[in-house]
Novice: 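First the structure, then my questions, so here it is.
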Protein chains: 2
Amino acid sequence: MPDTTNSKRVKHTRELIQDAAMELLAEYGYKGTSVRKIASKVGIRESALYNHYTNKEAIFLSITSKIFTTPFSHENDQKIFYENAKKGKRFLQRFMTEFKLLSFDKNSEKLFRIMMIELMQNSSLRESFIKEFHEKNIKLLSSSFFIMMQEGLIRSSDPMVMANEFLAPFFYLRLQISLLKADGASTTPLSTQFEKHVDFFWESIAL
Amino acid sequence: MPDTTNSKRVKHTRELIQDAAMELLAEYGYKGTSVRKIASKVGIRESALYNHYTNKEAIFLSITSKIFTTPFSHENDQKIFYENAKKGKRFLQRFMTEFKLLSFDKNSEKLFRIMMIELMQNSSLRESFIKEFHEKNIKLLSSSFFIMMQEGLIRSSDPMVMANEFLAPFFYLRLQISLLKADGASTTPLSTQFEKHVDFFWESIAL
DNA sequence: AATTAATAAGAACAACTGTTCATATAACCA
DNA sequence: TGGTTATATGAACAGTTGTTCTTATTAATT
C-alpha cells in the first residue's frame with residue numbers, strides 16, 4: 001500500500017498542525033494565534049503550512065468542526081432512548097455522567113475554550129452552539145421528561161421549562177471548571193456538584 | 001469654574017472614545033479592535049487618542065472596570081435584605097426582575113459581550129467574574145435561602161446548592177439572549193422564561 | 001537508478017499593528 | 001491681547017500579520 005504510507009505521513013503533520021493550533025487557539029483565540037506561531041510549534045516554517053491547509057481559516061474550521069460532534073450522539077436511537085427515559089433518575093444520572101466526563105476531558109476542555117472565545121465573534125459557531133448543543137439537548141431532555149410524566153415518575157409541568165432548568169446548571173458548571181483550570185486552580189470542589197445537581201433536581205420533580 | 005469647563009471638554013472626548021471602543025470591543029474583541037479604528041469612529045487621528053489615554057490597554061480597562069459594578073449593589077444593606085428574604089417567592093421575583101432588566105439593557109449587553117469574549121483570555125477578568133458575579137450572587141442567594149428555611153417557607157436542603165441551581169439558569173438565559181441578538185434574531189420567546197424559571201423553582205422548593 | 005510528486009525552506013510582499021515625535025491649531029486664563 | 005495649556009495632526013518607527021512566490025530537499029513510483 002504505497003498510498004497509505006504517503007497519506008499517513010501527510011496526516012501526521014496535519015495532525016501535528018491541528019494539535020499545535022488547538023493549543024494556541026484555546027489560549028490566545030483566533031486573532032491572537034498567528035500562522036507563524038503554529039508553524040514554529042510544529043517545527044516547520046509558515047510557508048510549509050500552506051502545503052497542508054489552504055488558509056489560516058481552514059485550520060480553524062478543521063478544529064471547530066469537531067466541537068459539537070461528540071456528545072450524546074448515540075442517544076438518537078429511539079427505542080433504547082424510550083426505555084432509558086422510563087428509568088427516571090437513573091436516566092438523569094447517565095446524562096450527568098456523560099456531561100461530567102466531557103467537562104473534565106482535556107481535549108474537550110480545549111474545544112470548549114475555543115468555542116467560548118469565538119462564540120460572540122463567529123456567526124456559524126453561534127448557529128452550531130444553538131442547534132447542536134442547546135436545541136439538541138433540550139429536545140432530548142424535554143421528551144424524556146414528557147415520558148417520565150406519562151409514567152407517573154415526576155410531577156406534571158412544562159417539559160421544555162424543565163429541560164432548561166436541568167441543562168443550565170451543567171453549562172454553568174462547565175464554564176466554572178474552565179475558568180478555574182485557566183488559572184491553574186483546583187476544580188475538585190466542583191466535581192461533586194454534578195451529582196448534587198441531579199439529586200436536588202430529582203427531589204424537585206419526583207412524585 | 002474654569003477647570004470644570006475644561007475637564008468637561010476632555011471628559012466629552014474621553015466619553016466618545018469609550019463609547020466607540022465599547023462598540024468595537026463588543027463586536028471584534030480586544031485583538032480585533034485597533035487604536036486606529038477607535039480613533040476614526042470618534043473622528044480623530046490615532047495619535048490624538050494618546051492625549052486622553054496612555055495606552056490601548058488603558059481604554060480597555062476603563063471599560064471592563066464597569067462590568068461588575070452595577071448589579072445588586074444595594075442588596076448589601078443587611079436589615080432590608082433580611083426582611084426581603086422573608087418574603088420568599090417575592091424576593092426571588094425581585095432578583096429575577098433585576099437580572100432580566102440587565103439582560104435586556106443595551107449597555108449592559110455590550111459589557112456582557114466583551115466579558116464573554118475576553119473571559120478566557122484575561123486573568124483579572126476571570127477573577128472579577130468569579131468574585132464580583134458568581135460568589136457575590138451565591139452568597140446573597142444562599143443566605144436568603146437559609147433564612148427562608150428557618151422561616152419554614154421552603155424545604156430543607158443545602159442552601160449553597162440551591163443558590164447555584166437558582167443562579168445558573170439566569171446566566172444561561174442571558175447568554176442565549178446575547179447570542180440571538182448578535183444574529184439580529186428575536187429574543188421575545190426568551191423574555192417569558194425568566195418568570196417561568198422563578199415559578200418552576202418555587203414549586204420545586206416551596207413547602 | 002531515474003523520474004515524478006510531496007513537502008520543506010527562505011525571502012519577499014503589502015497591509016496593518018501600537019506607539020512616539022515634532023508641529024500645528026484651538027481653547028483657556030492672565 | 002498675549003501667553004499658556006490642551007488637543008489635534010501627519011509622518012515615521014519597528015514589529016507583526018497572512019499569503020505567495022521560487023527554489024531546494026525529501027520521499028514514492030516506475
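Throughout, a chain's letter reflects where its sequence line sits, starting with A, and its residues are numbered from 1. From a predicted model like this one, the values you see are computed outputs, not experimental measurements.
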Novice: With rounding to the nearest 0.5 Å, note down the distance linking CG in A:L179 to CD in B:E127.
Specialist: 12.0 Å
Novice: For B:K181, look at atom NZ and say whether over 12 heavy atoms of other residues, nucleotides or ligands are found less than 6.0 Å away.
Specialist: yes
Novice: Whole-Å distance between D:dG18 C1' and A:F60 CZ?
Specialist: 16 Å
Novice: Verify the ring-centre separation between B:Y172 and A:H134: is it less than 6.0 angstrom?
Specialist: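 That pair passes the under 6.0 Å test.
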Novice: Out of C:dC21, C:dG10, C:dA8, which nucleotide sits closest to the side chain of A:S47?
Specialist: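 Closest of the options to the side chain of A:S47: C:dG10.
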Novice: Side-chain N or O of B:N55 less than 4.0 angstrom from OP1 or OP2 on C:dT19?
Specialist: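 Result: yes.
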Novice: For nucleotides 14-17 of chain D, list the nitrogen or oxygen atoms of the protein found under 3.5 Å from its nitrogen or oxygen atoms, one pair per line.
Specialist:
unit_1, atom_1, unit_2, atom_2, d
D:dT17, OP1, A:S34, OG, 3.4

Novice: Using only modelled atom types and a 3.5 angstrom limit, is any donor from either the side chain of B:N51 or the base of D:dA6 paired with an acceptor on the other?
Specialist: no
Novice: Checking ring pair (Phe, Tyr, Trp, His ring centres under 6.0 Å) against A:F201, which of A:F95, A:F170, A:F166 comes through?
Specialist: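 When ring pair (Phe, Tyr, Trp, His ring centres under 6.0 Å) is applied between A:F201 and each of A:F95, A:F170, A:F166, only A:F166 qualifies.
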Novice: Specify whether B:F99 and B:F133 have parallel, tilted or perpendicular ring planes, treating 30° as the upper limit for parallel and 60° as the lower limit for perpendicular.
Specialist: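 Geometry flag for B:F133 against B:F99: perpendicular rings.
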Novice: Between D:dG10 and B:R45, is there an OP1 or OP2 to side-chain N/O distance shorter than 4.0 Å?
Specialist: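 For D:dG10, OP1/OP2 do have a side-chain N/O of B:R45 under 4.0 Å.
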Novice: Looking at the side chain of B:H52, which of D:dA8, C:dA8, D:dG18 is the nearest nucleotide?
Specialist: D:dA8
Novice: Over how many whole Å does the gap from B:Y50 atom OH to D:dC13 atom C1' extend?
Specialist: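 Roughly 13 Å, once rounded to whole Å.
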Novice: Please state whether the rings of B:F171 and A:F171 are parallel, tilted or perpendicular, taking 30° and 60° as the class boundaries.
Specialist: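 Ring orientation of B:F171 relative to A:F171: parallel.
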Novice: What is the distance from CD1 of B:I44 to C1' of C:dT19, rounded to the nearest Å?
Specialist: 15 Å
